Every structure is written in C-alpha cells, then in structure tokens.
2 protein chains.
Amino acid sequence: MKAHRWQNRMQCGGFRRTHPRELIMKILKETDKHPSAEDIYIQALNVNPSIGLTTVYRTLDLFVQIGAVQRFDFGDGKARYELTDNPPEKEHHHHLICMKCKSIVDYTDFMKEELELMKKTEDALSTQHQFKIVHHTVHFYGYCRKCISPE
Amino acid sequence: MKAHRWQNRMQCGGFRRTHPRELIMKILKETDKHPSAEDIYIQALNVNPSIGLTTVYRTLDLFVQIGAVQRFDFGDGKARYELTDNPPEKEHHHHLICMKCKSIVDYTDFMKEELELMKKTEDALSTQHQFKIVHHTVHFYGYCRKCISPE
DNA sequence: ATTGATAATGAAAATCATTTTCAATAAGTG
DNA sequence: CACTTATTGAAAATGATTTTCATTATCAAT
C-alpha cells in the first residue's frame, strides 16, 4: 500500500503503523460527516470487533498532534473530528450548527474573501498580540430549515 | 434597583429575580476574563457561601437561553461564559486561544471588515442553506508569546 | 403585610465523555 | 526468528455537567 501523507508524518514521529490506526484513518477518509470518537468507534467495530474505544481516543489524539486531523467542539459536549482540510481530500470550509437539533452543515461560500480577511487578521494578531497563529475556526450558530418553526 | 435588559428579558420569560441570579450576573459584568462555571462559583462563594455549583450551572443555562450570555467551548473540556456583546457592556470581539497554556485573549482587529463579510455570509447561508443565523464565533488557535519556544 | 402556588435552590447521586492504569500483544529492528 | 518497546484493550478513575428531590424563596393575589 502506498504511503500517504499522514503515514509519513507518523513515521517521522517514530509512530507505528497499526491496524487500528489504519482503520480509523480509513473511516475518517470515507465520511463526509463530523463524527465523534464514539461514532468512529461504532463504525470501527463493524470491521474490527475487538477494537477499544480507548484506542480510538488515543489514535484521534495522535492524528490531531501530527496535524492530520482537526478536532472541533460545537458545544454539544462531545468532540468531533475531521481530516485536516489542507490536503486535497477536503477543501477549506466552515460550519453551520443548528442550535436545536445539533445538526452540522459544511459551507464554503465566500472562502476567497474569508481567507483574505483571515490572512490579514492573522498578520495583525501575530504582530500586535505576539501570537503565532496555527489555524482558525468559524462557526455559525442558528436554526436549520427543519427546526425553524413559526412561533 | 433599576431593571436592566437581562432582567426584563427574564421577567418576560416568567423567570424570577433571585439572589443567586443577581450575583452571577454581577460577577459576569465585572469580569474581563472568560470564566468557567466553576470559576464563577468560586467567585460567588465569596459573597454567598451557601450558593451551590448546581445553581451556577442552571443560572448560566438560563442566561444563555434568554440571550444575555454566550457560551464558548475553546476545547479544554470546560465551557466558558461571557456576557453577550450586543449590549454596550462589551464590544464585539473574537478570541485567540493558546494551544499550549490555554490562555485566551480577546481581539477586536478588523471587526468592521469582519462584520461586513459575516453579514454577507450570513445572508448567503440564510438563503442557500435555509439556515436562520443567530450568531457566529471566530477562534484563532496558536501559541502565545510566552509559549513560543525555540525548539 | 400575609398567604399560597410554584419556581428556584442546594446537596447528593447519577451521567457522560474522556483519561489513566496496567498487564498482554503486536510492530519494527537486528 | 528474537527482542525491545510502542501500542492495545479492559477496567477503573476522573472531571464536568445534569438529574433528583426535599426545602426554601419569589411573586401575585388577597
């Protein structure tokens, strides 16, 4: 199997290529959702019924550390994970969160303008606040079509 | 005592004006930090040693529901609370989060441009995704001056 | 002001996501 | 193949938040 970006990054870090790690990465690559650790665990059980939830947590932490995965907190008490959008598998996007049903929708509108502004802001923040920026998130909170009810 | 915005909002909702609620609102008004429920609880204990942590959680939930307070998840496992920035007590701002020491800094740079872009984006999202947007957050993650170490 | 209905409170127990511990297992190296 | 050590899975521990329930405080109506 051809070595992928994330595998190279792992090997540079001295990490081992294991079945659980391959499986979890596969699941992340194939989903277009925003799975929690448990969502991923349940998926993984279908392929490897002996995998442990602990391993899922640890593997996700590892992926986050090597920059292959991004972790999001949308405010519903559990972390959610997505492949980092720099590599081609996913384009840069942000999130719409329904405050009622907690559904999450990706959007990519105005990314050009947004990236411009973010670049400018990042520069300003780097100098004015002496912060080295690594990444940013934009979340829109509101109500999805299904949850907009005439009150 | 003069009734404030949040009190009116509470009364419209049929909620009671109680000592714990007044106290917690006072604490929120006086801080310029990003306190967690427990932070607020500890503050509150100085004034009212019999207040319960449970009440703090419930009160914060209530304030969030009536729109007086905004809840943030910066990814360190505990929610943080701030007065909503529409009223004059706080101006519209976003956050810089240090990924190492977890410190949080407010920033207000480029708010004019940001609000313009966000307005445009909100409009687009409202129509294209049929989402009714209530608010948005922008988080920048990186490393603060203290935590930038030559590695 | 007193009363009464009921919303709000506080303490303790329960829940839920996540982390830690530790003995057993599997990866990569020689 | 054998060895060193990272990784795993199960169970227990943790920590934030929520629920339960008996008691207390608020507010509206007397």
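Computed from a predicted structure; not experimentally measured. Letters go in sequence order (proteins before strands), and every chain restarts at 1.
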Legend entry - Distance, rounded to the nearest Å, where A/E22 contributes CD and D/dT8 contributes C1': 16 Å
Legend entry - A/Y41 OH to C/dC16 P, straight-line distance once rounded to whole Å: 16 Å
Inset, instruction - Could you tell me the separation between the CZ atom of A/R80 and the C1' atom of C/dT18, rounded to a whole number of Å? - result: 15 Å
Inset, instruction - Specify the separation, in whole Å, of atom CZ of B/R21 and atom C1' of D/dA25. - result: 11 Å
Inset, instruction - Starting at atom CG of A/D76, determine the distance to atom C1' of C/dT18, rounded to an integer number of angstrom. - result: 14 Å
Inset, instruction - Side chain of B/T55 only, please: which of C/dT18, D/dT8, C/dG10 is the nearest? - result: C/dG10
Legend entry - Atom pair distance, as rounded to whole Å: CG in B/L23 and P in C/dG10: 10 Å
Legend entry - d(CD, B/E38; P, D/dT14) in whole Å: 16 Å
Inset, instruction - Sugar-phosphate means primed atoms, P, OP1 and OP2; the rest is base. With that split, encode nucleotides 19-30 of chain C 5' to 3' as B, S or - using protein heavy atoms under 4.0 Å. - result: BBB----BBS--
Inset, instruction - Give the ring-plane orientation class for A/H34 versus A/F74, where under 30° counts as parallel, over 60° as perpendicular and anything between as tilted. - result: perpendicular
Inset, instruction - Measure the distance from CD on B/Q65 to C1' on C/dA7 and round it to the nearest whole Å. - result: 14 Å
Inset, instruction - Using a strict 4.0 Å threshold on nitrogen-to-oxygen distance, state whether B/E22 and B/K26 make a salt bridge. - result: no
Inset, instruction - Let me know, please, whether A/L62 or B/S36 comes out on the 5' side of the other along DNA chain D by nearest nucleotide. - result: A/L62
Inset, instruction - Evaluate the ring planes of A/F72 and A/H139, with Trp represented by its six-membered ring, and classify them as parallel (under 30°), tilted (30 to 60°) or perpendicular (over 60°). - result: tilted
Inset, instruction - Show which residues join A/F131 in its hydrophobic cluster (side-chain heavy-atom contacts under 4.5 Å, direct or indirect), or state none. - result: A/L96, A/V105, A/Y107, A/M111, A/M118, A/L125, A/I133, A/V138, A/F140, B/L96, B/V105, B/Y107, B/M111, B/M118, B/L125, B/F131, B/I133, B/V138, B/F140
Inset, instruction - Assess whether atom NE2 of B/H93 is packed by more than 12 heavy atoms of other residues, nucleotides or ligands within 6.0 Å. - result: yes
Legend entry - Carboxylate-amine/guanidinium contact A/K78 A/D76, below 4.0 Å: no
